[in-house]
Amino acid sequence: MTAASKTTPEAVARHYDYITPFYEIIGSRSLHLGYWPPGESGGTFAEAQQRFTDLMIQQLGAQKGHRVLDIGSGLGEPATRLAQSSGCMVEGITISPRQAAQAERWASLHGTSGQTSFTCGNAMSLPFQAGSFDAAWALESLFHMPDKAAALREVGRVLHPGGRLLIADIVVQEKASPEDQTFLQNAFVARSYMSPEDYPYLIRDTGYEVEQVLDITQNVMATFDAVSAAIREKEEEVRRAYSDEFLAAIQEQWSRIAETAMRSMGYIVITAKRV
């Protein structure tokens, strides 16, 4: 695991409140990377984000009547898509009050208000009863947690025995330099990253049986070129939403993020069940 940064939950909330309009302009309301099937390329970042969400829905396997916890639910688009496609009930939790309100509005617009709800809270201390969920997913949210083991145990508390957990997360390669690790932590407001080799052990040690580990690094890396293309295409919209200075800074920053990610970043999807 990388050395923990001093990123606080409040800092994570402020970051997303500030940067979310940018991601909506260049992509969608799904605040995660995109997915390209083997042998495919091209298309927009937004299209790839939807493919990613659909892959996660397939991996989770939720069914009608299931109650699913969305840990780090963002603007609610993945939760809404999950509810629509499977008929399950989804409860999302986010550290940002603004995101929770936006997610509720999104669900209302898409007819899932009766199936979805969104709460502002801390995933380290979930406001739910023990054993009250059939499944949970965490899409690019665990790297924000100050203590991943404690967060996973807390999720395990609210899952019933045999309940399913899906984690999609950025990891850092063992070969990554300390400088690259620190840069990626700062770039994505991460508290710490795991290595792909160590992650399954963490899952097992916190009360789960690992069912599958998928390394989809090669399927998400096109995100960086797709975002760069979207920034070029949407320059005027980004400039109007922020400023000339922001546009110049994000272009420079994203170029460095892409270069560092190609060298040092990985991405895994883990499915497990609570024992």
Asks: List, one per line, each side-chain donor-acceptor pair under 3.5 Å for residues 97-108, sequence neighbours excluded.
Replies:
{"residue": "Gln99", "atom": "OE1", "partner": "Thr94", "partner atom": "OG1", "Å": "2.7"}
{"residue": "Glu104", "atom": "OE2", "partner": "Phe118", "partner atom": "N", "Å": "2.9"}

Asks: Which pair of heavy atoms, one from Ile26 and one from Ala230, lies closest together, and at what distance?
Replies: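 Scanning both residues completely, I find the closest heavy atoms to be O-CB, 3.4 Å.
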Asks: Dump the intermediate steps for side chain to side chain donor-acceptor pair (under 3.5 Å) on Gln115 and Gln84, then the final yes or no.
Replies: CA-CA 9 Å; Gln115 287 177 259; Gln84 289 173 326; over 6 Å; no
Asks: Would you call Tyr199 and Asp169 a side-chain contact if the rule is heavy atoms closer than 4.5 Å?
Replies: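 Tyr199 reaches Asp169 side chain to side chain.
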Asks: Are Lys273 and Leu165 packed together at the side-chain level, in the sense that at least one heavy-atom pair is separated by less than 4.5 angstrom?
Replies: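 No, every pair of side-chain atoms sits at 4.5 Å or beyond.
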Asks: Quick one: side-chain hydrogen bond (donor to acceptor under 3.5 Å, both in side chains) partners of Arg204, sequence neighbours excluded?
Replies: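 None.
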Asks: Nearest 0.5 angstrom please: Ile95 CD1 to Arg14 CZ, how far?
Replies: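 Those atoms lie 11.0 Å apart.
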Asks: Would a 4.5 Å heavy-atom cut-off, applied to side chains only, mark Thr53 and His32 as touching?
Replies: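 Yes, their side chains come closer than 4.5 Å.
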Asks: Where do Pro78 and Leu139 come nearest, in terms of heavy atoms and distance?
Replies: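 That would be CB-CD1, 4.2 Å.
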Asks: Can you sort out the partners of Arg81 under side-chain hydrogen bond (donor to acceptor under 3.5 Å, both in side chains), two or more places apart, ordered by chain and number?
Replies: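 Arg81 satisfies side-chain hydrogen bond (donor to acceptor under 3.5 Å, both in side chains) with Gln50, Asp54 once adjacent residues are dropped.
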Asks: Using side-chain heavy atoms (C-beta onward) and a distance below 4.5 Å, is Ser192 in contact with Lys148?
Replies: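 In contact.
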Asks: Could you check whether atom CD of Gln129 has more than 12 heavy atoms from other residues, nucleotides or ligands sitting under 6.0 Å from it?
Replies: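 Not more than 12 within 6.0 Å, no.
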Asks: So Glu154 and Met124, do their side chains get closer than 4.5 Å, heavy atoms only?
Replies: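 Not in contact.
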Asks: Taking Glu211 first and then Arg164, would you say they form a salt bridge - that is, a charged N and a carboxylate O separated by under 4.0 Å?
Replies: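 Yes, this pair counts.
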Asks: Under a single-linkage definition using a 4.5 Å side-chain heavy-atom cutoff for Ile, Leu, Val, Met, Phe, Trp and Tyr, are Phe133 and Met89 assigned to the same hydrophobic cluster?
Replies: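 Unlinked, Phe133 and Met89 end up in two clusters.
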Asks: What pairs of residues pass the salt bridge (Lys or Arg N to Asp or Glu O under 4.0 Å) test when at least one of them lies in residues 62-76, not counting sequence neighbours?
Replies: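 Matches after skipping sequence neighbours: Arg67-Glu91.
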Asks: Quick one: list whatever passes ring-ring contact (aromatic ring centres under 6.0 Å, His included) with Phe224, sequence neighbours left out.
Replies: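 ring-ring contact (aromatic ring centres under 6.0 Å, His included) list for Phe224, sorted by chain: Trp254.
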Asks: Could I get the full list of ring-ring contact (aromatic ring centres under 6.0 Å, His included) partners for Tyr16, not counting sequence neighbours?
Replies: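 By the ring-ring contact (aromatic ring centres under 6.0 Å, His included) rule, Tyr16 matches His144.
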Asks: Who pairs with Tyr208 by ring-ring contact (aromatic ring centres under 6.0 Å, His included), at least two apart in sequence or on another chain?
Replies: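 Testing Tyr208 for ring-ring contact (aromatic ring centres under 6.0 Å, His included), a comparison that skips the adjacent residues, returns none.
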Asks: Is Arg240 salt-bridged to Glu237, going by a charged N under 4.0 Å from an acidic O?
Replies: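 Salt bridge absent between Arg240 and Glu237.
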Asks: So which heavy atom on Thr116 is nearest to which on Ala79, and how close?
Replies: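 So the two residues come closest at CG2-O, 4.1 Å.
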Asks: Sequence neighbours excluded, which residues qualify as salt bridge (Lys or Arg N to Asp or Glu O under 4.0 Å) partners of Glu245?
Replies: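 Applying salt bridge (Lys or Arg N to Asp or Glu O under 4.0 Å) to Glu245 gives none.
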Asks: Shortest non-hydrogen contact from Leu247 to Arg239?
Replies: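 Heavy atoms only, the tightest pair is CD2-NH2, 3.3 Å.
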Asks: Between Thr260 and Ser264, do the side chains contain a donor N or O and an acceptor N or O under 3.5 Å apart?
Replies: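 Distance-only check fails for Ser264 and Thr260.
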Asks: Please determine which of Trp36, Phe52, Tyr35, Tyr193 meets the ring-ring contact (aromatic ring centres under 6.0 Å, His included) test together with Tyr267.
Replies: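 Of the listed residues Trp36, Phe52, Tyr35, Tyr193, the ring-ring contact (aromatic ring centres under 6.0 Å, His included) partner of Tyr267 is Phe52.
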Asks: Could you grab the distance from atom CG of Leu126 to atom CG of Leu69, nearest 0.5 Å is fine?
Replies: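 Here the rounded value is 6.0 Å.
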Asks: Distance alone, cut at 3.5 Å: any donor-acceptor contact between the side chains of Ser195 and Asp198?
Replies: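 There is such a pair between these side chains.
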Asks: Can you name the side-chain hydrogen bond (donor to acceptor under 3.5 Å, both in side chains) partners of His160, sequence neighbours left out?
Replies: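 Checked His160 against side-chain hydrogen bond (donor to acceptor under 3.5 Å, both in side chains); matches are Asp134.
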Asks: Does a donor on one side chain and an acceptor on the other come within less than 3.5 Å for Gln49 and Ser28?
Replies: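 There is such a pair (donor and acceptor under 3.5 Å, judged by atom type) between the side chains of Gln49 and Ser28.
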Asks: Output all residues satisfying ring-ring contact (aromatic ring centres under 6.0 Å, His included) with Phe22, sequence neighbours left out; order by chain, then residue number.
Replies: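 With neighbours one apart ignored, the set is Phe246.
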Asks: Check the hydrophobic clustering (I, L, V, M, F, W, Y; side-chain heavy atoms under 4.5 Å; chains of links allowed) and say if Met265 and Met262 are grouped together.
Replies: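 Cluster IDs for Met265 and Met262 match.
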Asks: So do Ser132 and Leu159 actually touch side chain to side chain, heavy atoms under 4.5 Å?
Replies: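 A side-chain contact under 4.5 Å is absent here.
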Asks: State, with a plain yes or no, whether a side-chain heavy atom of Val269 is found less than 4.5 Å away from one of Ile167.
Replies: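 When only atoms from C-beta onward are counted, Ile167 and Val269 do not touch, as no gap falls below 4.5 Å.
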Asks: Measure across Pro37 and Asn219 and return the closest heavy-atom pair with its distance rounded to 0.1 Å.
Replies: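 Here Pro37 and Asn219 meet closest at C-ND2, 4.0 Å.
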Asks: Going by the rule side-chain hydrogen bond (donor to acceptor under 3.5 Å, both in side chains), which residues pair with Gln59 if we only count those two or more places apart in sequence or in a different chain?
Replies: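 side-chain hydrogen bond (donor to acceptor under 3.5 Å, both in side chains) list for Gln59, sorted by chain: Gln212.
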Asks: Group every Ile, Leu, Val, Met, Phe, Trp and Tyr by side-chain heavy-atom contacts under 4.5 Å, then state whether Tyr18 and Val12 land in the same group.
Replies: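 Same hydrophobic cluster.
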Asks: Atom OG of Ser125 and atom CZ of Arg157: how far apart are they, to the nearest 0.5 Å?
Replies: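 Reported to 0.5 Å precision, the distance equals 7.5 Å.
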Asks: Return the set of residues passing salt bridge (Lys or Arg N to Asp or Glu O under 4.0 Å) with Glu259 (not counting sequence neighbours), or none when no residue passes.
Replies: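 Salt bridge (Lys or Arg N to Asp or Glu O under 4.0 Å) list for Glu259, sorted by chain: Arg263.
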Asks: Below 4.5 Å, heavy atoms only, C-beta onward: do Leu152 and Leu142 meet side chain to side chain?
Replies: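 Leu152 vs Leu142: side chains touch.
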Asks: If only atom types and distance count, is the side chain of Ser73 paired as donor or acceptor with the main-chain N or O of Gly76 below 3.5 Å?
Replies: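 Flag not set: sc Ser73 to bb Gly76 has no pair under 3.5 Å.
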Asks: Identify the two heavy atoms, one from Asp17 and one from Pro21, that lie closest to each other, and give their separation to 0.1 Å.
Replies: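 So the two residues come closest at O-CD, 3.9 Å.
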